[in-house]
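Single-structure report; data block below.
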2 protein chains.
Amino acid sequence: MPKELQLLQATPGGCCTPITEEPLAAGDATELSRRFKALGDPVRLRLLSRIASAEDEICVCDLTGGDFEVSAPTISHHLKVLREAGLITGERRGTWVYYRPVRGELDRLSALLGGQWSA
Amino acid sequence: MPKELQLLQATPGGCCTPITEEPLAAGDATELSRRFKALGDPVRLRLLSRIASAEDEICVCDLTGGDFEVSAPTISHHLKVLREAGLITGERRGTWVYYRPVRGELDRLSALLGGQWSA
DNA sequence: CCCCTATGTTGACAGGCATCGAATCAGGAT
DNA sequence: ATCCTGATTCGATGCCTGTCAACATAGGGG
């Protein structure tokens with residue numbers, strides 16, 4: 001396990017500087033690639049878009065309802081990946097579980113990809 | 001090969017609407033997840049940041065120069081993945097090959113993740 | 001022409017990942 | 001307590017991918 005490799009030269013403060021302006025440090029790249037990897041699956045992307053476009057939060061029961069052609073355990077697995085990537089948070093209230101996006105993380109990734117919006 | 005699955009309900013025009021506003025269609029998700037998957041590797045993220053932060057273009061010989069602890073064929077492989085994802089373009093001029101980022105694609109992905117910048 | 005350096009490709013191997021069915025856990029209702 | 005339903009976890013399986021050594025290709029210089 002090359003775990004200590006992740007410690008080398010991680011940018012202390014931000015790691016939010018757009019990649020169009022400054023090369024990424026090795027530590028930051030490991031950290032950020034984990035998030036992008038979570039977006040690298042069509043089912044997860046659709047799940048995230050459903051969650052992110054919800055007014056406030058969304059019930060899992062609205063996600064497992066046949067819109068995706070995968071089984072419920074698979075959806076649960078993908079939600080876990082998104083959760084561990086810090087892109088969404090889940091909370092159980094009574095029978096159902098509700099998910100909501102972590103908009104700060106999404107904005108951070110968005111900023112990293114440039115987005116000068118002025119071109 | 002479920003190739004024809006990618007054809008179902010792809011948004012005709014853009015597929016650039018932020019996921020915070022509208023759920024992703026299945027076809028668009030397949031298309032976009034391929035790009036995010038290309039970002040889901042630390043080596044590729046660092047390569048892309050080096051390329052994107054270059055003034056105009058960058059020589060491969062500046063990338064294979066020991067900064068990464070992987071072999072040259074591996075770097076070549078990662079560059080190919082980024083190329084096929086449409087995030088960079090490469091051109092051979094004489095002995096060396098030069099790469100440059102496709103900023104439009106990076107902006108598109110950035111826009112997709114929200115980035116209202118007004119929060 | 002033949003060698004030499006710089007890139008990219010191929011084949012192979014190891015580890016990771018998406019997916020599912022079955023089992024498990026959490027809560028509400030009977 | 002007992003059952004039922006919704007959600008997650010577990011174990012297994014097959015595909016995908018990162019990596020390297022070896023080979024192939026491109027182009028410049030002797």
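First the proteins, then the strands, lettered A, B, ... as listed; each starts at 1.
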Roughly how many Å is it from [atom1] in [X] to [atom2] in [N], rounded to a whole number?
X	N	atom1	atom2	value
Lys80(B)	dT19(D)	NZ	C1'	15 Å
Leu39(B)	dG18(D)	CG	P	12 Å
Asp41(A)	dG16(C)	CG	P	18 Å
Glu91(A)	dA26(C)	CD	P	16 Å
Leu45(A)	dA18(C)	CG	P	12 Å
Arg46(A)	dA18(C)	CZ	P	16 Å
Glu84(A)	dC17(C)	CD	P	11 Å
Tyr98(A)	dA26(C)	OH	C1'	14 Å

Reckon [X] has a side-chain N or O less than 4.0 Å from the OP1 or OP2 of [N]?
X	N	result
Thr74(A)	dC20(C)	yes
His77(A)	dA18(C)	yes
Lys37(B)	dT17(D)	yes
Ser71(B)	dC20(D)	yes
Ser76(B)	dG8(C)	yes

Does any non-hydrogen side-chain atom of [Y] lie less than 4.5 Å from one of [X]?
X	Y	value
Tyr99(A)	Arg83(A)	yes
Leu87(A)	Leu109(A)	yes
Arg44(A)	Val81(A)	yes

From C-beta outward on [X], which listed nucleotide comes closest to its side chain: [options]?
X	options	value
Pro73(B)	dT19(C), dG6(D), dT9(C)	dT9(C)
Val70(A)	dT19(D), dT7(C), dT19(C)	dT19(C)
Tyr99(B)	dG8(C), dT19(C), dT7(C)	dG8(C)
His78(B)	dG18(D), dT7(C), dA7(D)	dG18(D)
Val43(B)	dA7(D), dT19(D), dC17(C)	dT19(D)
Ala72(A)	dG18(D), dG28(D), dT8(D)	dT8(D)
Arg92(B)	dA26(C), dA26(D), dT9(D)	dA26(D)

Open item on the list: Under 4.0 Å, counting only non-hydrogen atoms across every strand here, what does Arg44(B) touch: a base, just sugar-phosphate, or nothing?
Closed with: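 Here Arg44(B) touches the backbone only, sparing every base.
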- [ ] Consider only side-chain N and O atoms of Thr20(A) and Ser53(B), and report whether a donor and an acceptor are under 3.5 Å apart.
- [x]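 Absent: no donor and acceptor within the cut-off.
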Open item on the list: Checking Arg92(A) against Tyr98(A): is there a side-chain donor and acceptor pair closer than 3.5 Å?
Closed with: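 No, no side-chain donor-acceptor pair sits under 3.5 Å.
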Task: From Asp28(A), Thr30(A), Leu32(A), residue fulfilling side chain to side chain contact (heavy atoms under 4.5 Å, CB included) relative to Leu45(B) - done: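 So, applying the side chain to side chain contact (heavy atoms under 4.5 Å, CB included) to Leu45(B) and each of Asp28(A), Thr30(A), Leu32(A), only Leu32(A) qualifies.
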